[in-house]
Amino acid sequence: EDFPSSKMVLPYFPYFSKCKGYDNTLPIFAILEDEKYCDLIEPRYTRPIEDFTILREVVGDECHAKIDCLYDEDLGSAEALPRWFEAQAA
């Protein structure tokens, strides 16, 4: 059966690779669930973001990560088609 879709869910951050301490991909969980980068709050103390939560304090994990990565692309050469960072904004 064919499942056409215009969206794709990835378990990693797209366009990030060759990052120090990681392999070819940078998994989302490795950044958003690591106590090295995040102040994790017990789930019972969090408050979710919901519709119409204007002026209501949101309480949740807070993450700050600085990760060194290298480009996979050869920036000095031209390509036949625009690369992701050369594409026109929609």
Side-chain angles (χ1 to χ4, degrees):
E1 214 173 302
D2 189 21
F3 297 101
S5 178
S6 62
K7 297 178 177 69
M8 183 186 317
V9 177
L10 300 173
Y12 56 87
F13 291 105
Y15 309 114
F16 287 87
S17 60
K18 296 185 180 178
C19 296
K20 189 175 183 177
Y22 299 93
D23 200 6
N24 289 334
T25 60
L26 184 56
I28 293 173
F29 76 87
I31 303 302
L32 299 182
E33 297 178 14
D34 191 333
E35 293 178 353
K36 178 171 52 175
Y37 303 117
C38 302
D39 294 326
L40 302 176
I41 297 174
E42 288 186 46
R44 63 183 171 173
Y45 296 120
T46 63
R47 281 197 221 145
I49 298 171
E50 298 172 341
D51 293 342
F52 308 110
T53 56
I54 299 170
L55 301 177
R56 182 175 172 221
E57 183 182 10
V58 177
V59 180
D61 300 338
E62 188 172 323
C63 300
H64 301 277
K66 181 180 177 189
I67 299 169
D68 295 318
C69 302
L70 299 172
Y71 279 112
D72 274 336
E73 293 87 357
D74 181 4
L75 301 178
S77 67
E79 295 289 327
L81 297 172
R83 295 173 278 203
W84 65 269
F85 54 87
E86 298 169 328
Q88 295 295 318

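These figures come from a predicted structure and were not determined experimentally.
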- Message: Please list all pairs meeting salt bridge (charged side-chain N to carboxylate O under 4.0 Å, His left out) that have one or both residues in residues 17-28, counting only residues at least two apart or in different chains.
- Response: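 Residue pairs with at least one partner in residues 17-28: K18-D72.
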Apart from [X] itself, what residues make up its hydrophobic cluster when side-chain heavy atoms of I, L, V, M, F, W and Y under 4.5 Å apart count as a link, directly or indirectly?
X: I41; value: Y45, V59
X: M8; value: L10, Y12
X: L70; value: none

- Task: Can you sort out the partners of L81 under side chain to side chain contact (heavy atoms under 4.5 Å, CB included), two or more places apart, ordered by chain and number?
- Result: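 So L81 forms no side chain to side chain contact (heavy atoms under 4.5 Å, CB included) with any residue.
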Do you know the tightest heavy-atom contact between [X] and [Y]?
X: I31; Y: A65; answer: CG2-CB, 4.0 Å
X: S17; Y: C69; answer: O-CB, 3.7 Å
X: C19; Y: L26; answer: SG-CD2, 4.3 Å
X: E57; Y: R47; answer: O-NH1, 3.1 Å

- Only pairs at least two apart or in different chains count here, so list each side chain to side chain donor-acceptor pair (under 3.5 Å) that has a residue in residues 27-42.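 Pairs touching residues 27-42 that pass the test: Y22-Y37, E42-R44.
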- Task: Can you run down the side chain to side chain donor-acceptor pair (under 3.5 Å) pairs that involve residues 58-70, sequence neighbours left out, and say none if there aren't any?
- Result: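 For residues 58-70: E62-H64.
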- Task: Report yes or no: do I28 and L40 belong to one cluster of Ile/Leu/Val/Met/Phe/Trp/Tyr joined by side chain heavy-atom distances under 4.5 Å?
- Result: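 No.
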- When you look at I67 and F16, which way does the side-chain contact (heavy atoms from CB on, under 4.5 Å) test go after all the steps? CA-CA 10 Å; I67 299 169; F16 287 87; over 6 Å; no
- Task: Mind checking ring-ring contact (aromatic ring centres under 6.0 Å, His included) for Y15 and listing every partner two or more places apart, or none if nothing turns up?
- Result: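 Expected list: W84.
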- Please identify each residue that fulfils salt bridge (charged side-chain N to carboxylate O under 4.0 Å, His left out) with R83, with sequence neighbours left out.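 Result, salt bridge (charged side-chain N to carboxylate O under 4.0 Å, His left out) vs R83: E86.
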